[in-house]
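A quick write-up on the structure given underneath.
By convention here, the first residue in the shown sequence is residue 1.
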Amino acid sequence: MSSAVQIPPPRTSLATLPIDQNRGLQAMWAVIATEAMLFVCMFASYYYLGNNKDRWTLESPPHLKYPLILLVILLSSSFVLHWGERQVRAESFGAARFALWITVFLGLAFLTLQGFEYASHWKDLTPQSDSYGSIFYAITTLHAAHVIV
């Protein structure tokens, strides 16, 4: 009987592995599609409840001061983040970090303004008020959670 010593294969270092820039791309698209469908369902509920005025006691349309400002902030943060992504591809990492911090700041500004919007609505509208109140707070809270994540 031979007592041959088996040599384990050499370990592959992480530094020697190829970098796959598209790794996880399909999974990210699946996450985006899932999030989009979740918001589509929430807005479908909003419009379904709005069609039957017996379930929707709101007589006047909601004020759009806060929502329009919030929309501008969200669109701005999307453009800044996209610009930052282009800076990463151009290997301008300082500008990319700057874009990331601007995006974080805009997200915090969004959440702060949403808190002011909640405070202004809470006098007349709560989740227990009617179906409009429940779907309003459901959609906006889900969106705030999305911004936080």
Side-chain angles (χ1 to χ4, degrees), residues 10-149:
R11 296 181 68 179
T12 305
S13 165
L14 288 178
T16 62
L17 292 175
I19 296 175
D20 181 10
Q21 294 293 340
N22 294 322
R23 183 183 64 220
L25 191 61
Q26 290 176 339
M28 184 51 66
W29 279 113
V31 168
I32 291 170
T34 302
E35 290 283 317
M37 287 298 107
L38 180 61
F39 280 104
V40 164
C41 290
M42 294 296 278
F43 282 113
S45 299
Y46 178 85
Y47 289 112
Y48 173 75
L49 291 171
N51 278 336
N52 187 344
K53 294 299 178 192
D54 295 336
R55 287 184 249 138
W56 198 287
T57 60
L58 190 65
E59 295 298 325
S60 62
H63 300 288
L64 296 178
K65 178 178 89 172
Y66 285 117
L68 291 176
I69 294 170
L70 293 171
L71 177 64
V72 168
I73 290 173
L74 281 177
L75 292 175
S76 300
S77 68
S78 296
F79 284 116
V80 170
L81 190 59
H82 179 69
W83 175 74
E85 184 181 358
R86 290 178 48 196
Q87 297 308 306
V88 168
R89 289 184 183 147
E91 296 184 6
S92 178
F93 299 114
R97 278 190 209 96
F98 180 70
L100 181 63
W101 282 110
I102 295 277
T103 304
V104 168
F105 172 75
L106 288 170
L108 292 173
F110 176 88
L111 293 171
T112 302
L113 275 175
Q114 190 168 17
F116 284 120
E117 181 185 28
Y118 276 14
S120 72
H121 282 301
W122 199 262
K123 294 175 269 187
D124 304 319
L125 184 69
T126 67
Q128 294 82 18
S129 299
D130 54 20
S131 59
Y132 175 75
S134 64
I135 198 69
F136 169 79
Y137 286 104
I139 291 172
T140 55
T141 303
L142 177 71
H143 191 253
H146 180 124
V147 170
I148 290 168
V149 171

Under 3.5 Å, which donor-acceptor pairs link side chains of residues 68-84 to any protein atom two or more places apart or in another chain?
from	atom 1	to	atom 2	distance (Å)
Ser76	OG	Val72	O	2.7
Ser77	OG	Ile73	O	3.4
Ser77	OG	Leu74	O	2.8
Ser78	OG	Leu74	O	3.1

Just say parallel, tilted or perpendicular for the rings of His143 and His146, cut-offs at 30° and 60°. parallel
Separation of Trp29 CH2 from Thr34 OG1 (nearest 0.5 Å): 12.5 Å
Test side chain to side chain donor-acceptor pair (under 3.5 Å) on Ser131 and Ser134; report intermediate values, then the result. CA-CA 5 Å; Ser131 59; Ser134 64; 5.6 Å; no
Pairing residues for Glu85 by the salt bridge (Lys or Arg N to Asp or Glu O under 4.0 Å) criterion, not counting sequence neighbours: Arg89
Tyr66: which residues meet the side-chain contact (heavy atoms from CB on, under 4.5 Å) condition with it, sequence neighbours left out? Leu113, Phe116, Glu117, Ser120
Sequence neighbours left out, what passes side-chain contact (heavy atoms from CB on, under 4.5 Å) with Ala138? Give chain and number order. Met42
For a quick test of reading the model, state the closest non-hydrogen atom pair linking Val88 to Phe93 and the distance between them. O-CE2, 4.0 Å
Taking the side chain as everything from C-beta on, heavy atoms only, tell me whether Phe43 gets closer than 4.5 Å to Ile139. yes
Looking at Ser45 and Ile135, what are the two nearest heavy atoms and their distance? CB-CD1, 3.7 Å
Test ring pair (Phe, Tyr, Trp, His ring centres under 6.0 Å) applied to Tyr137 - qualifying residues, sequence neighbours left out: Tyr118, Trp122
Please list, one pair per line, the donor and acceptor atoms closer than 3.5 Å that link side chains of residues 102-112 to other protein atoms, with sequence neighbours excluded.
from	atom 1	to	atom 2	distance (Å)
Thr103	OG1	Ala99	O	2.8
Thr112	OG1	Leu108	O	2.8

